[in-house]
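Below is one structure; the comments refer to it alone.
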Amino acid sequence: MLDIQLLRNDLDGVTKSLATRGFVFDAATFQTLEMERKTIQTRTQELQAKRNATSKQIGQAKSKGEDVSAIMAEVANLGDELKAAELNLEDIQARMNEILLTIPNLPHETTPTGKSESDNVEVRRVGTLRSFDFDVRDHVDVGEGLNQLDFGTAAKISGARFSVMRGQLARMHRALAQFMLDVHTQEHGYTEVYVPYLVNADSMRGTGQLPKFEADLFAVQKNENEKLYLIPTAEVPVTNMVRDEIVALESLPLKFVAHTPCFRSEAGSYGRDTRGMIRQHQFDKVELVQIAHPSKSYEVLEELTGQAEAILKRLELPYRVMALCSGDIGFSAAKTYDLEVWLPAQNAYREISSCSNFEAFQARRMQARYRNEKGKPELVHTINGSGLAVGRTLVAILENYQRADGGVDIPAALQPYMGGQKVIEVVS
RNA sequence: GGAGAGGUGGCAGAGUGGUCGAAUGUACCUGACUCGAAAUCAGGCGUAGGUUCAAACCUACCGUGGGUUCGAAUCCCACCCUCUCCGCCA
């Protein structure tokens, strides 16, 4: 959520900035509502003040045993007008708030301006691409060839966009998550947290998934009037830990890492990445979240991105870092780096992590604050990124580490997590 | 699922219709005392919003939402959450 003061003071600037991310902001409607709001609020507060003063008089008169019928008559008409004014004000504030909740964040000045994915800027490229002396197969062929990756059975159990893993592959999936957690907790100073996978609407609003993106979420009915949502990323529960909190200055930055499943309905992505486990309704992810002092958040973004990269480096997977352009960054983000891993079968780099600084956008929705140097509450900044998406990491390993005989080499960093095993062999 | 108790400021805790944004204690800040600190004394100390150059003033907020009333932390209704006991359960 943007600061409403900013909209009042610099409507043009905000509108222009939003335009760079392809968002058309109806400034005229906002302006009209704002003027209306001003008039109504002033009037409402006048009436309230009058009512308060009169009621006070009645109280005082009564305690002295005086007759209050004259004053009572005076206030008699006040009630209706006041009630109408209050309802009116409430209505207009609700409408403004609705608008406010659907405005995306402003891109940071260092976010490249552009319209789409093709305008993203490559920041760096790391690792060397392996050359294969046999025909490269994609992760589906490799996994199914091992008889350890099974989409048919998953489809029977649940439907499209699910997968079943067995044996060594299932173990490697587990090993990856363990490995990532260990690196981030032991070497990068994160505190591991275990969090709910079902969250309430307030949490979804807090991080920006609601009200705009309900269609992307899975939900369950908790009772007649309440829904719970399956988390699309651990960002939601973890970031919301500080919702409605005022954290101590000295405790910043808070650094949390969580391994959770993620659930996405992938509405609107029909036909995209239908093959394989690139785009699933359910996938595991290790997520890094930092709650930072506003003056430090861009340093933190660089740090956190580097920490996600560290996993790719350890696994010796080639990747590149992309700075997303204004037209491609997510709704809540001011700046985003995507990490894209090399997938030889696709002959392309594919997203495996997304690291963003949300500045105060989420914090304002969540009322997540810290007490500043002067002791005044001030909004924190939130930063998060995948470190990494576990399923896609597994895909990258299957493709980059495949062998001519159909087996898969296990990256050296992962071997301790697989009982020292070096290869996933084909079993006939 | 059943029975009971409770949700008030950073924390503790009073307040059952009027002068209550809220006693008191504690924490915290400033000053006095002190070589310094502790103790003591004095003062200050919630959040959000509005009018405004500012000062100042005003409004809202006592779990949430409704209601009664000239007036609600206080009365009524619904819901949420926490705790205790019983039952069930991974």
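Given the structure is predicted, the values throughout are model-derived calculations rather than measurements.
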So does [X] pair up with [Y], basic N to acidic O under 4.0 Å?
X	Y	answer
A:Arg161	A:Asp273	no
A:Glu81	A:Lys50	no
A:Glu86	A:Lys83	no
A:Arg95	A:Glu98	no
A:Glu266	A:Arg272	no

Pick the [atom1] atom in [N] and in [M], then give their distance to the nearest Å.
N	M	atom1	result
B:G13	B:G65	P	25 Å
B:U82	B:C29	P	35 Å
B:A73	B:G31	C1'	35 Å
B:C81	B:U16	P	29 Å
B:U68	B:C20	P	26 Å
B:A72	B:A22	C1'	13 Å
B:C76	B:G6	P	13 Å
B:G18	B:G7	C1'	25 Å

For residues 388-400 of chain A, run the donor-acceptor check on the side chains, cut-off 3.5 Å, and write out each pair with its distance to 0.1 Å, sequence neighbours left out.
unit_1   : atom_1 : unit_2   : atom_2 : d
A:Arg392 : NE     : A:Ile278 : O      : 2.9
A:Arg392 : NH1    : A:Glu351 : O      : 2.9
A:Arg392 : NH2    : A:Ile278 : O      : 3.0
A:Thr393 : OG1    : A:Ala389 : O      : 2.6
A:Glu399 : OE1    : A:Ala345 : N      : 3.2
A:Glu399 : OE2    : A:His139 : N      : 2.9
A:Glu399 : OE2    : A:His139 : ND1    : 3.4
A:Asn400 : ND2    : A:Trp342 : O      : 2.9
A:Asn400 : ND2    : A:Ala396 : O      : 2.8

What is the nucleic acid contact for [X], judged by heavy atoms within less than 4.0 Å: base, sugar-phosphate only, or nothing?
X	value
A:Arg43	nothing
A:Gln367	nothing
A:Arg369	sugar-phosphate

Could you tell me how far apart [X] ([atom1]) and [N] ([atom2]) are, to the nearest whole angstrom?
X	N	atom1	atom2	answer
A:Lys56	B:G17	NZ	C1'	15 Å
A:Met366	B:A48	CE	P	16 Å
A:Lys376	B:A48	NZ	C1'	12 Å
A:Gln93	B:U59	CD	C1'	11 Å
A:Glu245	B:G46	CD	P	20 Å
A:Glu90	B:A60	CD	P	14 Å
A:Asn9	B:U52	CG	P	12 Å
A:Asp244	B:G63	CG	C1'	12 Å

Open item on the list: With the threshold set at under 4.0 Å for non-hydrogen atoms, list the residues of residues 44-54 of chain A touching RNA chain B in residue-number order.
Closed with: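 Close to the strand are A:Gln45, A:Gln48, A:Ala49, A:Arg51, A:Asn52.
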Just wondering, do [Y] and [X] contact through their side chains at under 4.5 Å, heavy atoms?
X	Y	answer
A:Leu2	A:Phe361	yes
A:Leu252	A:Ile291	yes
A:Gln209	A:Asp216	no

Open item on the list: Pairs counted only when both distances fall under 3.5 Å, Watson-Crick or G-U: show me the 5' to 3' dot-bracket for RNA chain B, [ ] for pseudoknotted crossings and | for other-strand partners.
Closed with: ((((((((.[[[..)..(.....]]].(((((.......))))).((((((....)))))).[[[[[..)....]]]]])))))))....
TODO: Take A:Asp3 and A:Glu226, find for each the nucleotide of RNA chain B with the closest heavy atom, and name the residue whose nucleotide sits nearer the 5' end.
DONE: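 On the 5' side of the pair lies A:Asp3.
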Task: Residue A:Arg37, side-chain heavy atoms: nucleotide from B:C70, B:U68, B:U51 that is nearest - done: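 Output: B:U51.
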TODO: Measure from the side chain of A:Gln41, starting at C-beta and using heavy atoms only, and say which of B:G49, B:U68, B:U19 lies closest.
DONE: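 Nearest to the side chain of A:Gln41 among the choices is B:G49.
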Task: Test of ring centre spacing under 6.0 Å for A:Tyr197 and A:Phe263 - done: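 That pair fails the under 6.0 Å test.
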Open item on the list: I'd like to know if the side chain of A:Ser354 pairs up with that of A:Asp338 as donor and acceptor (distance under 3.5 Å, no hydrogens or angles considered).
Closed with: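 A donor-acceptor contact under 3.5 Å links the two side chains.
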